Amino acid sequence: MARHTQSGDQDGSPVTVGSVIDSLPAGRFQRRLLLVTGGIWASVALSILVISFTIPVHVAVWGLSPVEAGILGSGTLFGMIFGASLGGRYSDRHGRKRTLVVAVALFTSCTALTGLATGLRSAILLRILTGIGVGASVTVTATYLSEHVPTQWRGRYLAYLEGFFALGNLATVLLAAAILPAGATDATVFGIAAWRVTFVAAGAPIVFVGLIHTQLSESPYYLARTGDRSGASDRLAAIAAENGHTFDIEPEQLAAGDPEKASFRRLFRPEFLGRTVLISVVWSGLNLGYYGVFIWLPDTVQAAGYVGGLYVYLTVVGVFQLLGVLTASTLVDRLGRKRVLAGSFSLSGLSTGLFTLALPGVDVGLGINGTVPLLSGLFATGFFIFASFAVIFGYTTELFPTGIRSSGLGFASGLGKIAAVAGPILAGWLVPFGYAVALAPFAVALLATGLLAGLFGPETMGETLE
């Protein structure tokens, strides 16, 4: 077993949690942590996206208008506005682990309960509650993972985390394919409406509540900042031991990199205001584009005449999403967060534009029509949007110190969810004018946001967390 030391353990000078984490190579502990947090992430994708496959059934069974269908599709996203912000603030004040337990239990149970909905109102209520749990979960999970990975590996691991969201997308497609026949609105499973069974099955990841209890401990950053230096020291020693190292710094030598008391108002102080505004706008552009396109994607693909192969095409989209994440993970710690984020955003906007222009009935005189450009644009959109998601979580956690890290991520992503709510509703409102008209605003939003991030975003690669 290798011996791990810090200069602080020899001369008595303070040592920050961040410097200790950075001195420990990523190993077995980080891989185990990635599996647990990644499982939560995949479960989040399942809970969010399952509604996109049941919306056609709800439209037929409950007689919903396009706008009502859009509101139902946005219910989870509406809840995420509050869940992300409240979960982030609660996490900074009361701890990461406690927040995760409550949040995961809430979104998984409410996902399953959506299968008992009796109509539009009850379904929307349950989707909002699901969204509150989801919003808190994604905020705290990203913060928690970022606080346990060395700086040189952090961007990559946060990108890997988003890879599990792509796997969750694939799981959602496979679940829907197994239970909901494409284009059918009256399918049953053992006499029970298939859409109800789908939601109950999507709530199965409630088992992760138990895994959080047994596999996760409180973040050493949080412990040190709240004065529990002994607890933080023990936590760091356990991480070192699991990775094959020893840790022998006295608790009295351990210092918080950000000792200031958690306060939501810090986000709006002059030193953080610019970052808070910028990253909130970037989150808004990404959420508007992603949810505006993908909540309606099954309906769009069917409208384009691909009913028979719907699940095949969406599975391929999921594969390209995963490839986008893996590509971003190899570049983010080499080229930097800002370059990869801005490039992925811009290319996702251009590919969404290609997909839009290639839809049947759209003719702008450029010769962009037919299956090849349509599917190329669709697959590329999945690739680049998920490359953007792979970077933005880690990038956001690096913009703020420990005392407001979850709050910053929660606030920015929460504001982004306002745009996410607006996306499916806007698409539903524009669908009667044609799917090309409905998708065009999202292509423009993604491209414009990429340019904004590239011009004004600070670079955080190589910076140790405070």
Side-chain angles (χ1 to χ4, degrees), residues 43-84 103-138 168-169 171-173 175-206 287 290-292 294-300 302 417-418 420-429 431:
S43 304
V44 161
L46 184 60
S47 286
I48 292 175
L49 296 174
V50 66
I51 189 68
S52 64
F53 292 95
T54 65
I55 279 180
V57 182
H58 299 311
V59 169
V61 175
W62 293 339
L64 305 183
S65 68
V67 173
E68 288 175 326
I71 293 173
L72 177 59
S74 295
T76 307
L77 310 178
F78 183 77
M80 289 176 72
I81 296 172
F82 302 98
V104 173
L106 178 62
F107 86 74
T108 53
S109 61
C110 287
T111 296
L113 289 171
T114 304
L116 302 179
T118 58
L120 179 62
R121 291 182 181 179
S122 58
I124 290 175
L125 175 60
L126 286 164
R127 296 305 289 169
I128 290 174
L129 293 174
T130 298
I132 291 174
V134 164
S137 294
V138 296
N169 281 354
T172 308
V173 174
L175 178 66
I179 302 176
L180 287 169
T185 59
D186 57 355
T188 62
V189 177
F190 300 116
I192 302 173
W195 72 267
R196 296 185 185 277
V197 176
T198 303
F199 276 109
V200 172
I206 196 169
N287 278 275
Y290 173 71
Y291 289 104
F294 280 86
I295 287 292
W296 279 89
L297 189 58
D299 195 66
T300 306
Q302 291 185 66
K417 289 301 177 291
I418 295 177
V421 170
I425 296 175
L426 175 62
W429 181 62
V431 159

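Fair warning: this is a prediction, and the values are worked out from it, not measured in the lab.
A donor-acceptor contact shorter than 3.5 Å is absent between the side chain of Ser47 and the backbone of Val44. Distance alone, capped at 3.5 Å, is enough to place a donor-acceptor pair between the Ser65 side chain and the Glu68 backbone.
Leu113 and Leu126 get closest at one heavy-atom pair: O-CD1, 3.3 Å. Here the shortest heavy-atom pairing between Trp195 and Leu180 reads N-CD2, 3.7 Å. Taking both residues in full, the closest heavy atoms of Arg127 and Ile48 are given as NH2-O, 3.4 Å, listed atom of the first, atom of the second, then distance. When all heavy atoms are compared, the tightest approach of Ser109 to Leu106 is OG-O, 3.1 Å. Of all heavy-atom pairs spanning Phe107 and Ser43, the tightest one is CE1-O, 3.8 Å.
Taking CD1 of Ile71 as the reference point, atom CG of Leu64 lies at 9.5 Å (rounded to 0.5 Å). Between atom CD1 of residue Ile179 and atom OG1 of residue Thr188 there is a gap of 12.0 Å, rounded to the nearest 0.5 Å. Of the inter-residue distances, the one linking Cys110 atom SG with Ile206 atom CD1 reads 9.5 Å to the nearest 0.5 angstrom. Note that CZ of Phe53 and CG of Leu175 are 9.0 Å apart. Values are rounded to the nearest 0.5 Å. Note that CG of Leu125 and OG1 of Thr114 are 9.0 Å apart. Values are rounded to the nearest 0.5 Å. Atoms CG and CD1, on Leu77 and Ile51 in that order, are 10.5 Å from each other to the nearest 0.5 Å.
Between Ile124 and Arg121, the closest side-chain pair of non-hydrogen atoms is not below 4.5 Å.
Applying the side-chain contact (heavy atoms from CB on, under 4.5 Å) criterion to Phe82, with sequence neighbours excluded, gives Phe78, Leu86.
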Residues 196-205, side-chain donor-acceptor partners within the protein, below 3.5 Å, at least two apart:
| residue | atom | partner | partner atom | Å |
| --- | --- | --- | --- | --- |
| Arg196 | NH1 | Gly115 | O | 2.9 |
| Arg196 | NH1 | Ala117 | O | 2.8 |
| Arg196 | NH2 | Ala117 | O | 3.2 |
| Thr198 | OG1 | Ala194 | O | 2.8 |

